[in-house]
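First comes the structure, then the notes that go with it.
The first residue of the sequence shown is numbered 1, and numbering continues consecutively from there. As the structure lists them, so they are numbered: ligands from 1, and atoms in each ligand from 1.
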Amino acid sequence: MDTCRVPEVPRMIYPKAQLLKPTRTDVLVTTPWLAPIIWDGTFDSAILDMQFRNTTIGLTVFAIKKYVVFLKLFLETAEKYFMVGHKVIYYIFTDRPADIPHVPLQEGRQVVVLKVRNYTRWQDVCLHRMEMISNFSEQRFLHEVDYLVCLDVDMKFSDHVGVEILSSLFGTLHPGFFAADRQAFTYERRPLSQAYIPRDEGDFYYIGAFFGGSVLEVHRLTKACHQAMMVDKANHIEAVWHDESHLNKYLLYHKPTKVLSPEYLWDERMLRRPPFVRKLRYVAVPKNHQAIRN
Ligand code: UDP
Ligand code: MN
C-alpha cells in the first residue's frame with residue numbers, strides 16, 4: 001500500500017468508536033511519539049483489511065542448517081493465522097533447499113526459496129540476517145512486495161497476526177522486558193560498540209525475532225545494522241545480543257511508527273502470562289539450544 005495516501009474504503013457497517021470509552025485502560029496504547037502500540041481490543045480488522053486490501057506482504061525467515069526442522073510448523077501455522085486473506089510471499093533463506101517441506105498454501109500465497117551460505121557460528125548466522133535482508137531488498141523485495149515482516153523460525157503462530165501490524169517501521173516489545181526500567185534493558189553497554197546505548201536513554205527493549213515495515217525502511221534498517229556490525233567486527237567487538245543489540249540502537253534513533261505488544265511474541269516456557277496479555281499470537285517453540293545450534 002502507498003502509505004503516503006489516505007486509504008480509501010468502500011461503504012461498510014461497523015461499531016462506532018466511543019471517544020469517552022477508551023478501548024484499553026490497562027495498558028499504554030501509544031508511545032510518547034504517538035505511534036500506536038498494538039493490543040487486542042484496540043483495532044477493527046474489518047476496517048484494516050479493507051484499507052490494506054491491495055497490499056502484498058513479504059515474510060522473511062531464515063532456516064539455516066538444522067533450523068529447517070522448524071519450517072513445517074512455522075508455515076502451517078502461518079497459513080492459519082498470518083495475514084489471512086492477503087497476498088503473501090514467504091521468503092525462506094536457507095543453505096538446504098532440498099529440505100524445505102512442502103506445505104499446502106492458500107490462494108494468493110507462495111514460497112520463494114533463497115539459497116544462501118551458512119556460517120559456522122550460530123551468532124554469525126543471526127548477525128548476517130541483516131546483510132542478507134538488506135541485499136535481497138534491493139535486488140528483489142522492492143519490486144515484489146509492499147511490506148516486509150522479518151521473523152525467527154523457531155516459533156509458531158497461535159492466534160491472528162494481520163495487517164494491524166503494518167506501518168513504515170515497526171518493532172516488537174521483548175516479552176521479558178515490557179515492565180522493566182531502561183537501566184535493566186540488556187542493551188549493549190560498552191561504548192566501543194556501535195550498538196552502545198547509555199543507561200539514561202532508551203524507550204523499549206525490542207526483540208530481534210519480529211520487526212518490519214515498508215521495504216524501503218527495512219532496507220534502511222538492515223543496511224545500517226549490517227554496517228554497524230562490520231565496524232564492530234573491525235574493532236574486534238561483538239554486541240552482547242548480536243543483531244538484537246543493533247536493532248535496539250537503530251530503533252532508539254529511528255522511532256518506529258507502530259510498536260507491537262508482547263501478544264506478538266511470547267514464550268510460554270519462560271513467562272507466566274499476565275491478564276493484560278489477552279492473546280498469544282506468535283510463540284516460541286521449545287528447542288534444545290546445544291543440539292540445534294551445533
Ligand atoms: N538461525 C538459523 N540457523 C542457525 C541459527 C539461527 O537459521 O543455525 C536463524 C533462525 O531463523 C533463528 C534465528 O536465526 O530463529 C535466531 O536464532 P535463535 O532462534 O537460535 O535465537 P534465539 O531466539 O534463541 O535468541
Ligand atoms: Mn528464536
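- More than 12 heavy atoms of other residues, nucleotides or ligands lie within 6.0 Å of CZ in R121, so this atom counts as buried by the packing criterion.
- Atom 17 (O) of ligand 1 has C126 SG, 3.4 Å as its closest protein atom, hydrogens excluded (heavy atom only).
- Atom 23 (O) of ligand 1 has its nearest heavy-atom neighbour, among D243, I207, D152, in D152.
- Scanning the protein for heavy atoms near atom 13 (C) of ligand 1, the closest one is R129 NH1, 3.2 Å.
- Counting atoms of ligand 1 from 1 in the listed order, those under 4.0 Å from a heavy atom of H289 are 24 (O).
- Within the listing of ligand 1, atoms 7 (O) sit less than 4.0 angstrom from a heavy atom of A63.
- Residues meeting the ring pair (Phe, Tyr, Trp, His ring centres under 6.0 Å) test with W241, sequence neighbours left out: none.
- The shortest N or O to N or O distance between Y67 and ligand 1 is below 3.5 Å.
- Dense packing is recorded around CE of M12, with more than 12 heavy atoms of other residues, nucleotides or ligands lying under 6.0 Å away.
- Nearest to atom 24 (O) of ligand 1 among the protein's heavy atoms is K287 NZ, 2.8 Å.
- Regarding atom 1 (N) of ligand 1, its nearest protein heavy-atom neighbour is V125 CG1, 3.5 Å.
- Within D152, the N, O or S atom at minimum distance from the Mn ion (ligand 2) carries the name OD2.
- If you check which protein heavy atom lies closest to atom 19 (O) of ligand 1, you get D154 OD2, 2.8 Å.
- No more than 12 heavy atoms of other residues, nucleotides or ligands sit less than 6.0 Å from atom NZ of K223.
- Annotation for Y14: atom OH does not count as buried by contact number, only 12 or fewer foreign heavy atoms lying within 6.0 Å.
- Few gaps surround NZ on K287; more than 12 heavy atoms of other groups in view lie less than 6.0 Å from it.
- Tested against H174, the residues F204, Y205, F210, Y264 include a single ring-ring contact (aromatic ring centres under 6.0 Å, His included) partner, Y205.
- The residue from H128, K66, M155, R293 that puts a heavy atom closest to atom 25 (O) of ligand 1 is R293.
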- Message: Please evaluate residues D146 and T55 with respect to the criterion side-chain hydrogen bond (donor to acceptor under 3.5 Å, both in side chains), reporting the C-alpha separation (whole Å), side-chain torsions for both, the decisive distance (0.1 Å), and the verdict.
- Response: CA-CA 6 Å; D146 300 298; T55 306; 4.8 Å; no
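- Scanning the protein for heavy atoms near atom 11 (O) of ligand 1, the closest one is F62 O, 2.6 Å.
- Nearest to atom 15 (O) of ligand 1 by heavy atom, out of I292, I64, V153, T120, is V153.
- Atom CD of Q183 sits in a crowded spot, with more than 12 heavy atoms from other residues, nucleotides or ligands closer than 6.0 Å.
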